[in-house]
Protein chains: 2
Amino acid sequence: MPRPELDDLDHALLGLLQRDSARTLAALGDQVGLSPSAVQRRIERFRETGLVDRTVAVLDAKRAGALLAVCLATLDRESRAEHERFRAHVLASPHVQQLYNVTGDWDYVVVLATTGVEEHRVVADAVLKDAPNLRRYSTMLVLDPVRATLDLPTRPAP
Amino acid sequence: MPRPELDDLDHALLGLLQRDSARTLAALGDQVGLSPSAVQRRIERFRETGLVDRTVAVLDAKRAGALLAVCLATLDRESRAEHERFRAHVLASPHVQQLYNVTGDWDYVVVLATTGVEEHRVVADAVLKDAPNLRRYSTMLVLDPVRATLDLPTRPAP
DNA sequence: TCTGAAAGTTTTCATCC
DNA sequence: GGATGAAAACTTTCAGA
């Protein structure tokens, strides 16, 4: 899949879509100065190339009564196969909201989403304590999810 | 805003909407066993109560060429006002994708999204190095965003 | 009060310019 | 990139449980 060339209008549209994708093609067109059909064609290209992966509803964590936890984990052996084994184990849980392989003292950042402390215990034990090839891990409970988005910049800020 | 009572169908709908909100009301209705209008009314209630905060397009971080970084930060003074000052400073940057106040040795987890290492340097300096009342911070660059969602459970897993 | 069905309106999609 | 007609979806209204 070739990397699509993005112009100013594409960047503007991607910014709008990341903040609110429920707008109509006409409304988006008004914002960036394009006809609805032109907007539609660009969005379709975003999806075809995989740049836009999906469209989702974002719940309010507080109203949903959810408990988030940011966990840090380091593996014992560092081989490719061991990493794969660890990832497969962690990804098997639907409570794993985010999983990042990172640089530094820790190998992975794992964000867990549960319905409360009781469930967190059970899930954290299953996902991390029982994980294969784990050397050590640490858990930080989220007291306040001040901001939670998946927004990405598509070009350097001016 | 009173907490809405959610039944099994609501939980099912919320799960579907968090994974893919681009489906039609008819398709959603087929999945859970409701008419399109009934589905619509429930979704409208989700929005009115604020349980569903917004609908967004999720970009593929690799294809977007984005660089993520997970930073940990600890404040110097722990007063409410100092927390507010720190948060306001951090939230002012659009590159702050996520910000969590957490328990443990660190006060905050900050996820930064930039277009590459050059921009990351600039942004990390502006957001964290120059942050008011910061005692210390640490940065982990994301080598691989294995999973990135905002999915939340709405009820305990069986 | 909530659900389901039907009519009216808007949006989206495909084709052509 | 824009414009048009056709198809689909959404919104509103109303009747029934």
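The model shown is predicted, which means the values in this text are computed figures rather than measured ones. Naming: A, B, ... by sequence-line order, numbering from 1 per chain.
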Output one line per pair: protein atom, nucleotide atom from nucleotides 2-4 of chain D, and distance, for all N/O pairs under 3.5 Å.
residue, atom, partner, partner atom, Å
D:dG2, OP2, A:Ser35, N, 3.0
D:dG2, OP2, A:Ser35, OG, 2.8
D:dG2, N7, A:Arg41, NH2, 3.0
D:dG2, O6, A:Arg41, NH2, 2.8
D:dA3, N7, A:Ser37, OG, 3.3

N-O pairing of A:Asp30 and A:Arg23 below 4.0 Å: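 No, no charged N to carboxylate O under 4.0 Å.
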Could A:Arg41 and A:Glu44 be called an ion pair, given the rule that one side-chain N must be under 4.0 Å from one carboxylate O?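 Judged by the 4.0 Å cut-off on N to carboxylate O distance, A:Arg41 and A:Glu44 do not form a salt bridge.
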Among the clusters formed by ILVMFWY side chains lying less than 4.5 Å apart, do B:Leu91 and B:Leu75 turn up in the same one?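 Linked within one cluster.
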B:Leu17, A:Leu59: one ILVMFWY side-chain cluster at the under-4.5 Å cut-off?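 Same hydrophobic cluster.
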State which residues pass side chain to side chain donor-acceptor pair (under 3.5 Å) with A:Gln97; sequence neighbours excluded, sorted by chain then number.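 A:Gln97: no side chain to side chain donor-acceptor pair (under 3.5 Å) contacts found.
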[X] [atom1] - [N] [atom2] separation (whole Å):
X	N	atom1	atom2	result
B:Leu9	C:dC2	CG	C1'	12 Å
B:Asp10	C:dC2	CG	C1'	12 Å
A:Ile43	C:dT12	CD1	P	8 Å
A:Arg23	C:dT10	CZ	C1'	18 Å
B:Leu13	C:dT3	CG	P	11 Å
A:Arg47	C:dC13	CZ	C1'	14 Å
B:Glu44	D:dT13	CD	P	12 Å

Within 45° of the ring axis of A:Trp106 and under 6.0 Å from its six-membered ring centre, is that where the NZ or CZ of A:Arg136 lies?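 Yes, a cation-pi geometry.
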Between A:Gln40 and C:dT12, does any side-chain N or O lie under 4.0 Å from OP1 or OP2?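 It does not, given that no N or O in the side chain of A:Gln40 lies less than 4.0 Å from OP1 or OP2 of C:dT12.
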Strictly below 4.0 Å: does B:Arg42 bring a side-chain N or O up to OP1 or OP2 of C:dT3?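 Yes.
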